[in-house]
Amino acid sequence: MGRWPRRLAHLTRREALGMLGAGAGLALTAGPGRAAPAQQAATDIAFPPGAVIRTILEDLAPEALGGGSTLFHEHLDLFQNYSSPPVERDPAAGPLTDEEAETFVALVADELRMAAADGMSCIVDAGILRRSERELEFLRQMSLRSGVPVVVAGAYWRAPFPDEVAGKGVDELTEHFIADALAQNWGAFGEVGTSMEMLDVERTFLQAVSRAHQATNLPIFTHTEHEGCRPCGLEQLDVLEAENVDLGRVCVGHLSDVTAEQDPGWTSHLEIGRRGAYLGFDTVGRALRLETSPDIPEADKVRMVLNVLEAGYEDQVLLASDFAASRDLKSNWGNGFATAIVQFVPKLRHAGVDDATLHKITVDNPRRFLAFVPQEA
């Protein structure tokens, strides 16, 4: 299989997104047709009549994804590299050439096929900025060539926001989110985040996402800071709840970044669970290597999950790795996009979590979270 070009492997996500956003549409040759849906596993989940999981290619019945895991918060752009090595491609060189883009898409499609072999049925590509049409075409081709359903989630990560949206009010932002959700076939709002202390502009964005959710019925997943923030998720829920969002349609992200020292007993996790939201343990299975992120042993992350399971919140646990670094690709000796399944789930099993609960966490819960009944905006 093709290797990631060395001049591309060390781009940061921000640099790459800037380059991709500057590009015109890319004509890529469609690969082989999509693979048949994974065989359904026996389940007694009742989805609302008319519920779908919206992927970039089509709306799927939630039952079609019952044969494997769904990872609710990953990134297919691959450009973010938390170790910040030297950048070997000049950002001023402009957008990726068609040849570079073809290598990029082919590599990700190959990695997605390998992740499917590891047990992944579906993956969510989280948005941190507005995608260009070229970036959307990348995602379509990745899904077409790999046969893996890709859910497009859209939002803006956290402040500072791009100039073109930073000054908009709640109503204008709401219309902006609704329009993009419909035009770009979003299957969720995410990742929408806040800083260690929520800024007024971030509150405005959360309010707008809440109202766009009411108009579209799409689920929401959030970003809390990787350095660990005990109150952040609860404050986000306060804003969403004030906008009449059903918290059962929300997942608070990056809870696996909260240390036992920051929150003894991880009581914030229990409070989020009590309020009915999904608990996003979405930085498991790989090292983030962020300067601001605490180095949390995976044993502690296992304990976090056990803590909420013992409290009775097994129906609200979601797993992902926030995958975004090219060094973690299988072609670079990593565990690939399915690292949460390959690396973390066996640790939960070793800690005593039974297979029925693991199936619920990895297969059933993310389908319930992503399933929605479309409504006219």
Side-chain angles (χ1 to χ4, degrees), residues 13 17 20-21 51-56 59 72-77 124-137 139-140 150-195 198-224 232-233 235-254 277-278 280 369-377:
R13 181 192 290 173
L17 283 172
L20 293 176
V52 301
I53 293 176
R54 177 155 293 166
T55 77
I56 192 167
D59 287 352
F72 85 97
H73 181 170
E74 311 292 352
H75 296 274
L76 299 184
D77 55 66
V124 178
D125 183 65
I128 63 168
L129 293 172
R130 188 179 189 276
R131 295 177 183 84
S132 68
E133 283 303 313
R134 194 178 194 224
E135 292 170 288
L136 290 168
E137 184 60 21
L139 294 175
R140 291 187 193 101
V150 174
V151 173
V152 175
Y156 293 89
W157 176 38
R158 61 163 176 77
F161 298 110
D163 291 342
E164 59 268 25
V165 292
K168 294 182 184 293
V170 173
D171 291 343
E172 196 174 1
L173 280 172
T174 300
E175 294 302 319
H176 174 73
F177 281 127
I178 293 171
D180 271 0
L182 297 177
Q184 298 190 352
N185 231 36
W186 292 0
F189 292 108
E191 59 183 303
V192 55
T194 52
S195 302
M198 188 184 299
L199 303 176
D200 287 343
V201 66
E202 292 170 337
R203 184 180 302 274
T204 298
F205 272 69
L206 271 179
Q207 291 169 332
V209 166
S210 299
R211 297 178 192 185
H213 156 80
Q214 301 284 16
T216 61
N217 210 20
L218 290 170
I220 302 167
F221 63 93
T222 73
H223 161 94
T224 58
C232 287
E235 292 170 350
Q236 290 173 350
L237 294 185
D238 289 343
V239 175
L240 297 168
E241 195 168 40
E243 292 290 331
N244 298 313
V245 173
D246 174 3
L247 298 187
R249 307 298 314 288
V250 175
C251 177
V252 177
H254 303 335
Y278 284 89
F369 170 65
L370 290 171
F372 76 104
V373 179
Q375 62 187 48
E376 294 295 329

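If you read the sequence from its start, that first residue is 1, and numbering goes on from there.
In this structure, the side chains of Pro374 and Arg54 come closer than 4.5 Å at one or more pairs of heavy atoms. A 4.5 Å side-chain heavy-atom check between Val165 and Arg130 finds every atom pair outside the cut-off. Considering only heavy atoms from C-beta on, Glu243 stays 4.5 Å or farther from His213 through its side chain.
Proximity of a side-chain donor or acceptor of Glu202 to a complementary backbone N or O of Ala159 within less than 3.5 Å is detected. Remark: side-chain polar atoms of Gln236 are paired, donor with acceptor, to backbone N or O of His223 under 3.5 angstrom. Not a single donor-acceptor pair under 3.5 Å links the side chain of Glu135 to the backbone N or O of Asp77. Without hydrogens or angle criteria, Asn217 side chain to Val373 main chain gives a donor-acceptor distance under 3.5 Å. Distance alone, capped at 3.5 Å, is enough to place a donor-acceptor pair between the Thr222 side chain and the Gly253 backbone.
Arg131 has no carboxylate O lying under 4.0 Å from a charged side-chain N of Asp180, or vice versa, which leaves the two without a salt bridge. Comment: Glu137 does not engage Arg134 in a salt bridge, judged by the lack of any side-chain N to carboxylate O separation of less than 4.0 angstrom. Between Lys168 and Glu172 there is a salt bridge, since a side-chain N of the basic residue sits under 4.0 Å from a carboxylate O of the acidic one.
Looking at Val252, Asp246, Val245 one by one, the single match for side-chain contact (heavy atoms from CB on, under 4.5 Å) with Leu240 turns out to be Val245.
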- [ ] Please test Thr204 against Val170 for side chain to side chain contact (heavy atoms under 4.5 Å, CB included), starting from the C-alpha separation and ending with a verdict.
- [x] CA-CA 6 Å; Thr204 298; Val170 173; 3.6 Å; yes
Open item on the list: Working note: Glu164 + His176, criterion side chain to side chain donor-acceptor pair (under 3.5 Å); need CA distance, chi angles, decisive distance, verdict.
Closed with: CA-CA 11 Å; Glu164 59 268 25; His176 174 73; over 6 Å; no
Open item on the list: Please evaluate residues Asn185 and Val152 with respect to the criterion side chain to side chain contact (heavy atoms under 4.5 Å, CB included), reporting the C-alpha separation (whole Å), side-chain torsions for both, the decisive distance (0.1 Å), and the verdict.
Closed with: CA-CA 7 Å; Asn185 231 36; Val152 175; over 6 Å; no
Task: Val52/Phe372 under side chain to side chain contact (heavy atoms under 4.5 Å, CB included): CA gap, chis, key distance, verdict - done: CA-CA 6 Å; Val52 301; Phe372 76 104; 4.0 Å; yes
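Note: His73 and Phe221 meet the aromatic proximity criterion, with ring centroids under 6.0 Å apart.
The structure places CH2 of Trp186 at 10.5 Å from CD1 of Ile178, a figure rounded to the nearest 0.5 Å.
Note on ring orientation: taking the six-membered ring where Trp is involved, the planes of Tyr156 and Phe205 are perpendicular (angle over 60°, cut-offs 30° and 60°).
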